[in-house]
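Order of the sequence lines fixes the chain letters, A, B, ..., with proteins taken first and strands second; residue numbering starts at 1 for each chain. Only a predicted model underlies this, so the values are computations on that prediction, with no experimental measurement involved.
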2 protein chains.
Amino acid sequence: MNRTELQKEISEAGLKVTPQRIAILEALVELANHPTVDEIIAHIKEHHPSIATGTVYKTLETMKDKGLIMRVITDKQVMRYDAVLHRHHHLYNSETGRIEDYHDEELNQMLEEYFKKKNIENFKVKDLKLYITGEFLDN
Amino acid sequence: MNRTELQKEISEAGLKVTPQRIAILEALVELANHPTVDEIIAHIKEHHPSIATGTVYKTLETMKDKGLIMRVITDKQVMRYDAVLHRHHHLYNSETGRIEDYHDEELNQMLEEYFKKKNIENFKVKDLKLYITGEFLDN
DNA sequence: GTACCTGCAAAAGATTTGCATCTTT
DNA sequence: AAAGATGCAAATCTTTTGCAGGTAC
């Protein structure tokens, strides 16, 4: 995703295109694995030293509301963000806090199929996310 | 779950049985729906006015480590706890923060089956939790 | 009696807010 | 020019920590 595409995305979400917003969205794309706000700021600071913490928080909140990015849920108390929006799941190690995306089209279809048939009383399903907890076997 | 059973659980986890711990575990059982620490404290204060905030945090952490309770993951920054330990999933409305348990044995089996066959590279699966995001249709 | 717990208060960490100034459209 | 965004600092909220005294076993 290059700069022009990022600008287009921001603009199409009805937001003004500012250098800060481009930098934040870019950071989110480059830091592929669910960065915390701190990690985002650290990454941006290299090329954009004067960005304010508050701005990053406000911007992430705005982008989340506009559907440009999403929050990843964890059992820790820092928020993590993700710019990957198509349906995917997560591998999660609760002890280390490490999270990785898990893409599995077959799983998506199986789940979709299942909930098309199954009716949950009093609930309208919008999205399905599987959290696969366990241990990473590399490093 | 009555007081004797709670005591037994605490004791079997290798923890000393104190009035505070009984009260906390009891609150978690009574406040069935994933209370925050604040909600737990408020609930306990009725019958146990002098409990310290720090104690509640420490106790919840300890019980989590011993596997007596678990943290529920959300995209908010307050932690929620759950005393229901057998495998279950969650219905979640991200806007309101409401979370309800979703029990579905058929789903459990389907998922278990699926991941028994499927091998995820570099990852050892320990637990599976589906987060079903959407809207509650009652109240 | 000893190991472990609790209460308290202070500290740390993360996020939000208010407002004046600046930028985008 | 108007609407919206940013920067800064203070405030808020949640969680953690250290330690002296207390309690369970």
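- A ring pair (Phe, Tyr, Trp, His ring centres under 6.0 Å) check over residues 107-126 of chain A, counting only residues at least two apart or in different chains, returns the pairs A:Phe123-B:Phe136.
- Residues B:Tyr81 and B:Val17 each lie close to DNA chain D; by heavy-atom proximity, the contact nearer the 5' end of the strand is made by B:Tyr81.
- At a non-hydrogen distance threshold of 4.0 Å, A:Lys58, A:Thr59, A:Gln77 from residues 57-79 of chain A come into contact with DNA chain D.
- With a heavy-atom cut-off of 4.0 Å to chain B, the contacted part of DNA chain D has its first and last nucleotide at D:dT14 to D:dC25.
- Closest-nucleotide positions on DNA chain D for A:Lys16 and B:Leu15 were compared, and the one nearer the 5' end corresponds to A:Lys16.
- Counting to the nearest Å, the C1' atom of C:dT24 and the CD atom of A:Glu12 are 17 Å from each other.
- Residue B:Lys126 comes nearest to B:Arg87 through the heavy atom pair O-NH2, 3.8 Å, listed as atom of the first residue, atom of the second, then distance.
- Side chain to side chain, B:Tyr131 and A:Asp127 fail the donor-acceptor criterion of an N or O pair below 3.5 Å.
- In the hydrophobic cluster analysis, where Ile, Leu, Val, Met, Phe, Trp and Tyr join through side-chain heavy atoms closer than 4.5 angstrom, A:Ile44 is grouped together with A:Leu6.
- Rounding to the nearest 0.5 Å places CG of B:Asp38 at 10.5 Å from CZ of B:Arg80.
- At a threshold of 4.5 Å between side-chain heavy atoms, the hydrophobic network of Ile, Leu, Val, Met, Phe, Trp and Tyr places A:Val37 and A:Val72 in two separate groups.
- Pairs of residues two or more places apart, or lying in two chains, that qualify as ring pair (Phe, Tyr, Trp, His ring centres under 6.0 Å) and include a residue from residues 37-86 of chain B are B:His86-B:His103.
- Residue A:Asp38 contributes atom CG, which lies 10 Å from atom P of C:dG13 at whole-angstrom precision.
- When the nearest nucleotides of DNA chain C are assigned to B:Gly14 and B:Gly54 by heavy-atom distance, the more 5′-ward of the two goes with B:Gly14.
- Classification of A:Asp104 and B:Lys118 as a salt-bridged pair holds, one side-chain N sitting under 4.0 Å from a carboxylate O.
- When the P atom of C:dC22 is taken as reference, atom CD1 of A:Ile51 falls 18 Å away, rounded to whole Å.
- Hydrophobic clustering (side-chain heavy atoms under 4.5 Å, transitive across Ile, Leu, Val, Met, Phe, Trp, Tyr) keeps A:Ile132 apart from A:Ile73.
- A:Thr18 comes within contact range of the sugar-phosphate backbone alone, with a heavy-atom separation under 4.0 Å but no base atom that close.
- Between the two ends of the helix from C:dG1-D:dC25 to C:dT25-D:dA1, each summarised by a five-pair axis, the helix axis turns through 40° (rounded to 10 degrees).
- Nucleic acid contact class of B:Ser50 (heavy atoms, under 4.0 Å, all strands): sugar-phosphate only.
- Rounded to a whole Å, the NZ atom of B:Lys45 is 15 Å from the P atom of C:dT6.
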Scan the side chains in residues 63-70 of chain A for donor-acceptor partners under 3.5 Å anywhere in the protein, sequence neighbours excluded, and list what turns up.
none

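- Side-chain N/O atoms of B:His88 and B:Asn108 include no donor and acceptor closer than 3.5 Å.
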